[in-house]
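Everything below concerns the one structure shown next.
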Amino acid sequence: MIERYTRTAMLLHWLIAMLILGLFGLGIYMADLPLSPQKLKFYSYHKWAGVSVFLLVWVRILWRIKHAPPALPASQPHWQQLAAHAGHGLLYVLMIAAPVSGWLMSSAHGFTTVWFGVLPLPDLIGKDLELAATLKLVHRYLNYSFLAVVIGHALVAIKHQWVDSDGTLNRMLPSHH
Amino acid sequence: MKRSPLLLLLLATLGTSSAFAVEYTTVIPEKSKITFTSKQMGVPVDGKFGKFTATLNFDPAKPEAAKAQIEIDLASVDAGSKEANDEVISKGWFNVKEFPKARFVSTSVKSVGGSRYEARGQMSIKGKTRDMTIAFSYRPAGVNAVFEGLLPLQRTQFGIGEGAWGDTSVVADEVPIKFRLTASQAIATPKK
Ligand code: HEM
């Protein structure tokens, strides 16, 4: 029998995964639209979802500190275990860095981020259009890298499941009983 | 020192003349500004108008006689970003090609207590004229005076943002315009 993550950890994992996939798609789609009310709506939804990821990831980190994930199978080569830890660590860093870069970029453009149109986030930097242009590139390439790491993460999971058939993916899926 | 009657007379004359109305008339552009705040998806976005002219006749002793006319050069708008500026001068918004100016002309002014006043008048933007009441305050600042106030603009009343942009859940209808005008005084010459 394999050891699984807690239900809460699974819920957070899949919720955040869906949000991030949606954010990639919406982000790339909306950025090139001509200015319209619809574009402003998409930008806001993107920001609200991004801030949600930022908040959820802290919940996830706190949960993880209190509830250590199940150990990787002892049969797994040491280098793979190291790579898994490094990869997951990088995903946590990116889950924080990506929304923070978006938040800072918006502040630099002179737009306060107001979560769901209700809760304003502080502007950590003032309006500075030159800096905003730089942060836009930072947000873009950080997220392209993030997308690459997410794809890598998913490919490794698929390999474990269907090539190695070692049940690694089941650790993050509810049991059938 | 014994004052000569002539000097006394002179002082008296000066005294009387300074009791004549002190009117603030000339708005100093460098010390004045007109700003506004639009709300986009719940996010307040600040903007301003770089060019405007205003003519005033304001005597704090006779506020009812006061007059004001403010003219804003709409193409000088800064709505927060290049993209927004291009949009807001276009046909569906200000349509500056056909209607380059917004104009407020007061019809009456009254004191509402303390240093606070209310100017009623007519606001014309984009070929539409609407009654509007502006609340403002008056504060002497050295030889000048500072007038600060608020125009409660509702953009849809003037067709600012047509078509899909009429959706006030995206861009709020209320776009409060704030002004701070510094005016210098002219000693009114007694008439006749
Ligand atoms: C995990 C969170 C996030 C992800 C994965 C993400 C992803 C992306 C991606 C892939 C793009 C397209 C970049 C491009 O093609 O140029 C984008 C654009 C954008 N993102 Fe995010 N984003 C996140 C969070 C945020 C947050 C929190 C904000 C603001 C508060 C934000 C604001 C923006 C804006 C304004 C754009 C459009 C930039 C432009 O005008 O070109 N993002 N995002």
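Sequence lines set the chain letters: A, B, ... in the order given, protein chains first and strands last, and positions in each chain run from 1. Just so you know, these numbers use all the heavy atoms, side chains as well, and skip hydrogens, waters and symmetry mates.
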Inset, instruction - Please look at B:Val43 and chain A and tell me whether the side chain, the backbone, both or neither of the residue comes under 4.5 angstrom of a heavy atom of that chain. - result: both
Inset, instruction - Under 4.5 Å heavy-atom distance to chain B, tell me which part of A:Lys39 shows up: side chain, backbone, both or neither. - result: side chain
Legend entry - Flag for B:Asn144-B:Gln185: side-chain donor and acceptor within less than 3.5 Å: no
Legend entry - Engaged part of B:Gln40 at the chain A interface, taking heavy atoms whose separation is under 4.5 Å: side chain
Inset, instruction - Against chain B, label A:Trp115 side chain, backbone, both or neither, depending on which of its atoms sit under 4.5 Å from a heavy atom there. - result: neither
Legend entry - Ring centres under 6.0 angstrom apart (A:Phe24, A:Phe146): yes
Inset, instruction - Check the surroundings of atom NZ in B:Lys48: do more than 12 heavy atoms from other residues, nucleotides or ligands lie under 6.0 Å from it? - result: no
Legend entry - Over all atoms of both residues, closest heavy-atom pair of A:Met172 and A:Trp14: O-NE1, 2.9 Å
